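Just below is one structure, and these are the notes that go with it.
Just so it is clear, the model here is predicted, and its values are computed rather than measured.
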Amino acid sequence: MYERANTHVRSEAGVTDKFSVAVGLHQGSALSPYLFLLVIDALTVEIQEEAPWCMLFADDIVLVGEDALEVQSRLERWRDKLETAGLKISRAKTEQLFCDFGGLSSFIPIALDGAHLPVCSDFRYLGSLIQSDGYIDRDVTNRIKAGWMKWRQVTGVICDPQIPLKLKGKIYKAVMLKMFDVIFCVGIFPS
């Protein structure tokens with residue numbers, strides 16, 4: 001696929017002569033998500049909507065609607081646009097999450113190319129957990145566990161007799177200041 005690849009660069013100054021591409025962008029490169037988003041953003045600029053109705057992160061697209069028909073319509077627009085550019089929405093990884101917070105609608109399955117999408121009970125996006133029942137208990141529990149795990153890692157360093165005292169002081173100061181920033185932001189202590 002990439003053997004003897006040639007390309008040229010187009011800019012405001014003009015188009016360069018063709019040149020061969022010997023090394024491509026490797027999987028795991030820090031540039032990969034950025035370049036992918038740059039291309040996706042340019043391809044889909046006319047169908048994108050403001051957050052929270054449409055959110056892009058790396059190769060994930062989140063489409064939100066007030067009912068299933070609205071989401072189905074958005075999904076079809078995205079599918080059409082991406083497929084005309086030679087890209088496909090993964091049928092294996094695409095899921096739907098139905099949240100009935102107000103009790104105003106009933107569940108209607110969403111389909112992609114005639115096949116119903118699997119239903120999930122929660123959805124993790126950028127570190128937050130959205131639950132179909134509207135509660136946040138699993139998200140709060142996961143964040144508390146992550147906090148304790150990080151605390152155990154820091155105390156392992158602080159209690160290590162081989163670490164210099166000056167370095168322990170810097171770590172302690174940084175961790176404690178950050179912890180108090182979080183506590184004051186949450187409002188645990190009265191101001």
Would Trp78 and Cys54 count as a side-chain contact (heavy atoms from CB on, under 4.5 Å) if you check the C-alpha gap in whole Å, the side-chain angles of each, and the deciding distance to 0.1 Å? CA-CA 10 Å; Trp78 274 85; Cys54 173; 3.4 Å; yes
Between atom CG of Leu82 and atom CZ of Arg77, what is the distance when rounded to the nearest 0.5 Å? 12.5 Å
Check: Ser90 main-chain N/O paired with Thr94 side-chain donor or acceptor under 3.5 Å: yes
Is any side-chain heavy atom of Ile40 closer than 4.5 Å to a side-chain heavy atom of Leu56? yes
Is the backbone of Glu66 close enough, under 3.5 Å, to the side chain of Glu70 for a donor and an acceptor to pair up by distance? yes
Do Leu75 and Ile108 land in one hydrophobic cluster if side-chain heavy atoms of ILVMFWY residues count as linked below 4.5 Å? no
So CD of Gln72 and CD of Gln96: to nearest 0.5 Å the spacing works out to 9.0 Å
Are any of the side-chain heavy atoms of Arg74 and Trp53 separated by less than 4.5 Å? yes
To the nearest 0.5 Å, tell me how far Leu87 CG sits from Arg79 CZ. 13.5 Å
Main-chain N/O of Ile136 paired with Arg138 side-chain donor or acceptor, under 3.5 Å: no
Please check if Ile47 and Val39 belong to a single hydrophobic cluster, counting links between Ile, Leu, Val, Met, Phe, Trp and Tyr side chain heavy atoms closer than 4.5 Å. yes
Pairs flagged by side-chain hydrogen bond (donor to acceptor under 3.5 Å, both in side chains) wherever residues 34-48 is involved - sequence neighbours left out: Asp41-Gln48, Thr44-Gln48, Glu46-Lys81
Given side-chain contact (heavy atoms from CB on, under 4.5 Å), test Ile163 with Asp160 step by step and report yes or no. CA-CA 6 Å; Ile163 305 270; Asp160 188 346; 3.6 Å; yes
Nearest 0.5 Å please: distance from the OG atom of Ser132 over to the CZ atom of Phe107. 10.5 Å
At what distance, to the nearest 0.5 angstrom, does CG of Asn142 lie from CG of Asp139? 6.5 Å
Leu69 and Val62: same hydrophobic cluster, using ILVMFWY side-chain contacts below 4.5 Å? no
Would you mind listing every side-chain hydrogen bond (donor to acceptor under 3.5 Å, both in side chains) that reaches into residues 6-21, with sequence neighbours excluded? none
Verify the cluster assignment for Val154 and Leu167: are they in a single hydrophobic cluster under the rule of side-chain heavy atoms below 4.5 Å apart? yes
Around Lys168, counting heavy atoms of other residues, nucleotides and ligands shown, do more than 12 lie under 6.0 Å from its NZ? yes
Can you find a pair of side-chain heavy atoms, one from Val71 and one from Asp67, that are under 4.5 Å apart? no
Kindly work out whether a path of hydrophobic side-chain contacts (I/L/V/M/F/W/Y, heavy atoms less than 4.5 Å apart) joins Ile61 to Ile89. yes
Looking at Leu117, is its backbone amide N or carbonyl O close enough to the side chain of Glu95 to form a donor-acceptor pair, meaning the two atoms are under 3.5 Å apart? no
Hey, are the side chains of Ile110 and Phe98 touching, using non-hydrogen atoms and a 4.5 Å cut-off? no
How long is the span from the CD1 atom in Ile130 to the SG atom in Cys120, to the nearest 0.5 Å? 9.5 Å
